[in-house]
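Everything quoted here is computed from the prediction, not taken from an experiment. All residue numbers refer to positions in the sequence shown, counting from 1. Numbering of ligands and ligand atoms starts at 1, following listing order.
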Amino acid sequence: MSVANGRAFLATPGPTNIPDRVLQAMMRPAEELSSATIVNLTESVLDDLKQIFRTTGETFVYTANGHGGWEAALSNVLSRGDKVLVLASGRFAVGWGEMAHFMGAEVEVLAGTWRRAVDPAAVEERLRQDTRHEIKAVLMVQIDTASGVVNDVPAVRKALDAVGHPALFMVDGVASVGCMPFEMDAWGIDVAMSASQKGLMSSPGLAFVAANEKAMQAHQTATMKTLYWDWSSRMNTLAYMKHCGTAPEHLLFGQRAALDMILSEGLEAVWKRHELLAGATHAAVSKWIEGQALAFNIPEPSQRAPSVTTILTQGVEAATITDHARDICGVTLGLGIGELTGKAFRIAHMGHVNAPMVLGALGAVEMTLQAKGIPHGSGGVAAAVAFLAEGVR
Ligand SMILES: *Cc1c(COP(=O)(O)O)cnc(C)c1O
């Protein structure tokens, strides 16, 4: 038997649930590509992205997914042969580094594990050895969506400052911008990037990059530049050049609506909502792991991401849980990826989510654990409810 029919629940860490208002905003005819509507739409999205990244720097929109945003960020500030230091803490910073390698950078990965956040002291030590300042950029993710870790961005900035290292500080905020504090200017981030389909609640297909003055300086001499990603051409006054071609009109209409929703809720309130829903998820998982078949991938509670929770399955195929949750309960969970393929599942609590959605997803997991006879401590959902009841008081 199945109780899956009804509204499908997406609890994957990207793409995330698209609000009805965003979907409706996209249901409209295309327009002449340099009409006032499209020019103003582009300008308003670029402007509001400054509020989202918390920067007075330049913002750019690309018709691309997050990987495109990575390439945009790298190509505008690096030259072939430049050395970049990648801070590993899971899959994504390493993936960004692979892209840099493909583009002709010399890539060094500062080893990390999938169980812990980047260690700022190790970053400081590595940078201290680089007395000739060969490292031109430091690449990190704020939240690694595979491991479910949240890295301490300001602490890594302090590591650069402690040794007076001039490398560009580049941060991937794809799974964190719109989910938790991200302070590009206050934290001294030189290049930030994100994408539309996670915390920013819109359709996959847009990538966002923000650059400060120091990054714009590096841009002047970068040789990895290609026309499609090039910041200088996108800062051209011609509207057409803002997108290096036709604007992704419908994606922009959708993103406009999503930004309106985020900014009217208030960024701080959005972050707090994520914190509460993550706390509820962690409360439930803390009960379930008493059965010893499940475990948090990130043992240290303060390093667990507010947007996604990665849960290890021990002696149980992760697909047993994710298949049942999807086919029988109607909740699509995230699968383990990279070195956690088959060994973990992920619960996203990211973007357009509220208490019933997260409690529903947790209820479906708990129902699955019971139905499949997977050992687990009872009362996970009750613990999540209790956490939220206290948290909203
Ligand atoms: C999802 C994700 C990406 C990649 O985004 P795509 O749109 O799938 O290319 C990059 N970094 C992080 C942290 C992500 O979560």
Do the ring centers of W271 and H274 come within less than 6.0 Å of each other?
no
Among all protein non-hydrogen atoms, which one is nearest to atom 2 (C) of ligand 1, and what is the separation to 0.1 Å?
K198 NZ, 2.5 Å
Side-chain donor or acceptor of T16 paired with backbone N/O of K198 under 3.5 Å:
yes
As an exercise, identify every atom of ligand 1 less than 4.0 angstrom from a heavy atom of I143.
13 (C)
Charged N-O contact under 4.0 Å between E265 and K272:
no
With the side chain counted from C-beta on, respond yes when L87 and V123 share a heavy-atom pair under 4.5 Å apart, and no when they do not.
yes
Please confirm whether W96 approaches ligand 1 to less than 4.0 Å, judged on its heavy atoms.
no
With V107, the side-chain contact (heavy atoms from CB on, under 4.5 Å) member among V86, L139, V94
V86
Relative to each other, are the rings of H349 and H282 parallel, tilted or perpendicular (30° and 60° limits)?
perpendicular
Check: N297/W114 side-chain N/O donor and acceptor closer than 3.5 Å
no
Distance from atom 15 (O) of ligand 1 to nearest protein heavy atom, with residue and atom
T145 OG1, 2.3 Å
Hey, is R116 close enough to E300 for a salt bridge, meaning N to O under 4.0 Å?
no
Under 4.0 Å from a heavy atom of A175: give me the atoms of ligand 1 that qualify, with their elements.
15 (O)
Tell me the protein heavy atom at minimum distance from atom 9 (O) of ligand 1, and give that distance in Å.
H67 ND1, 2.5 Å
With heavy atoms of G66 as the reference, note each atom of ligand 1 found under 4.0 Å away.
5 (O), 6 (P), 7 (O), 9 (O)
Out of all atoms in ligand 1, which are within 4.0 Å of some heavy atom of W70? Include the element for each.
10 (C), 11 (N)
Nitrogen or oxygen atoms of V141 and ligand 1 under 3.5 Å apart
no
Considering M350, Q142, E71, Q197, which one's heavy-atom position lies nearest to atom 7 (O) of ligand 1?
Q197
For ligand 1, which is the ligand I care about here, please tell me if D172 has any N or O atom under 3.5 Å from one of the ligand's N or O atoms.
yes
